[in-house]
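In this chain, residues are counted from 1 in sequence order. What you are looking at is a predicted structure, and each value in this text was computed from that prediction instead of being measured.
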Amino acid sequence: IEKINTTIYNSVERLLNLIEHNVEEISNNTEIGMFLLTEALAEASLIKMRYGASRFISGSEHLLADEIDGRIDKNIPRLHGELLAIATIIMMYIFSDEYDPSQFNKVRSLIQRLGLFIDAAELGIKKNIIVDALAAKPVRTDKYTYFNESNLTKSDAELVYDRLFGEKKSEIESFSF
């Protein structure tokens, strides 16, 4: 487990709290909601520049979202944020044994309250797309992410899908390690 930079962690947590406290404004696309969301995105970029860390804006969830995007039908457009929401849920589930698992339910709930889908099927993304994208272990040579050292097999990817979106998803409602 890598050491967490508490300054970056606290800065990002403030941004998440801003979004969480203004979720109704953001999900209703009000002027103030869009302003606050833009401010949060801009602040995330500033944190990246200040501390030279990009994990929170270009980590494994972004790589997974891009991998999923490369595998889905291009005739059905999806927004990057929609794919990122699904990828975030997947990666939070995978990471939950290394970090605070209660955060999984908090983030999943926030994604839903923002009006984004929390189930891949709601976006029309089939199981094989998610499983193949996870099993592909997308990496970037200029960034270190979970996928650089992942031992995730296709069987593991299928189990993750089933627990999050498939036949075992009822188990996730009360998820904890």
Side-chain angles (χ1 to χ4, degrees), residues 1-2 4 9 12-13 15-17 19-20 23-24 26-27 37 40 44 54-140 143-177:
I1 299 174
E2 72 180 302
I4 295 175
Y9 180 88
V12 173
E13 188 171 43
L15 292 178
L16 287 174
N17 287 335
I19 292 170
E20 187 172 22
V23 69
E24 289 177 24
I26 295 168
S27 65
L37 184 59
S54 63
R55 170 178 273 252
F56 58 93
I57 59 173
S58 62
S60 54
E61 63 284 346
H62 281 268
L63 295 178
L64 181 57
D66 290 342
E67 189 70 28
I68 293 167
D69 191 35
R71 295 169 181 274
I72 57 178
D73 183 355
K74 299 300 176 213
N75 294 321
I76 305 170
R78 290 167 188 90
L79 299 174
H80 178 67
E82 292 174 322
L83 298 175
L84 187 56
I86 296 298
T88 297
I89 289 169
I90 292 169
M91 296 313 300
M92 288 220 44
Y93 177 77
I94 290 171
F95 281 138
S96 61
D97 64 337
E98 295 180 21
Y99 300 105
D100 180 0
S102 68
Q103 295 300 309
F104 172 84
N105 289 327
K106 181 178 179 180
V107 170
R108 186 171 173 264
S109 173
L110 179 60
I111 289 169
Q112 188 172 37
R113 289 175 32 224
L114 284 166
L116 296 167
F117 297 112
I118 59 168
D119 189 327
E122 294 173 315
L123 278 172
I125 302 172
K126 296 183 174 154
K127 178 178 180 175
N128 68 304
I129 301 286
I130 300 288
V131 169
D132 291 347
L134 265 173
K137 300 177 190 139
V139 295
R140 285 180 51 182
K143 303 238 186 266
Y144 177 84
T145 73
Y146 167 83
F147 292 114
N148 288 79
E149 295 183 21
S150 169
N151 293 323
L152 194 74
T153 65
K154 192 164 185 168
S155 296
D156 294 333
E158 288 175 352
L159 183 59
V160 167
Y161 179 91
D162 287 340
R163 286 187 177 162
L164 292 174
F165 314 117
E167 57 199 42
K168 297 182 180 186
K169 77 177 178 182
S170 61
E171 296 172 16
I172 207 68
E173 298 304 321
S174 60
F175 171 73
S176 65
F177 272 98

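Exactly one residue among Leu83, Leu64, Leu79 makes a side chain to side chain contact (heavy atoms under 4.5 Å, CB included) with Asp69. That residue is Leu83. With Arg113 as reference, Glu20 is the one residue of Glu20, Arg108, Glu24 to meet the side chain to side chain contact (heavy atoms under 4.5 Å, CB included) rule.
Residues passing the salt bridge (Lys or Arg N to Asp or Glu O under 4.0 Å) test with Glu67 are Arg71, sequence neighbours excluded. Asp66 meets the salt bridge (Lys or Arg N to Asp or Glu O under 4.0 Å) test with no other residue; sequence neighbours excluded. Contacts of Lys126 classified as salt bridge (Lys or Arg N to Asp or Glu O under 4.0 Å), with partners at least two apart in sequence or in another chain: none. Looking at residues two or more places apart in sequence or on another chain, you find no salt bridge (Lys or Arg N to Asp or Glu O under 4.0 Å) involving Glu122.
Ser109 places no side-chain N or O within donor-acceptor distance of the main-chain N or O of Asn105, the cut-off being under 3.5 Å. No donor-acceptor pair under 3.5 Å is formed between the side chain of Asp162 and the backbone N or O of Leu159. Side-chain N or O atoms of Arg78 include one that pairs as donor or acceptor with a backbone N or O of Leu123 at under 3.5 Å.
Rounded to the nearest 0.5 Å, atoms CG (Leu63) and CD1 (Ile68) are 11.0 Å apart.
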Inset, instruction - Apply the test side chain to side chain contact (heavy atoms under 4.5 Å, CB included) to residues Ile94 and Asp156: give CA-CA distance (whole Å), side-chain angles for both, the deciding distance (0.1 Å), then the verdict. - result: CA-CA 10 Å; Ile94 290 171; Asp156 294 333; over 6 Å; no
Inset, instruction - Could you go through the side chain to side chain contact (heavy atoms under 4.5 Å, CB included) check for Phe165 and Ile118 one step at a time? - result: CA-CA 8 Å; Phe165 314 117; Ile118 59 168; over 6 Å; no
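For the ring-ring contact (aromatic ring centres under 6.0 Å, His included) condition, the pairs that include at least one residue of residues 66-90, sequence neighbours left out, are His62-His80.
Annotation for Phe117 and Ile111: closest pair O-CG2, 3.9 Å, computed over non-hydrogen atoms. For the residue pair Leu15 and Ala44, the shortest heavy atom distance occurs at CD1-N, 3.8 Å. Across all their heavy atoms, Ala87 and Ala65 have their closest contact at CB-N, 3.8 Å.
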Which pairs of donor and acceptor atoms, one on a side chain in residues 128-136, lie under 3.5 Å apart (sequence neighbours left out)?
from	atom 1	to	atom 2	distance (Å)
Asp132	OD1	Lys154	NZ	3.2

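Counting heavy atoms from C-beta on, the side chains of Ile90 and Glu61 never come closer than 4.5 Å.
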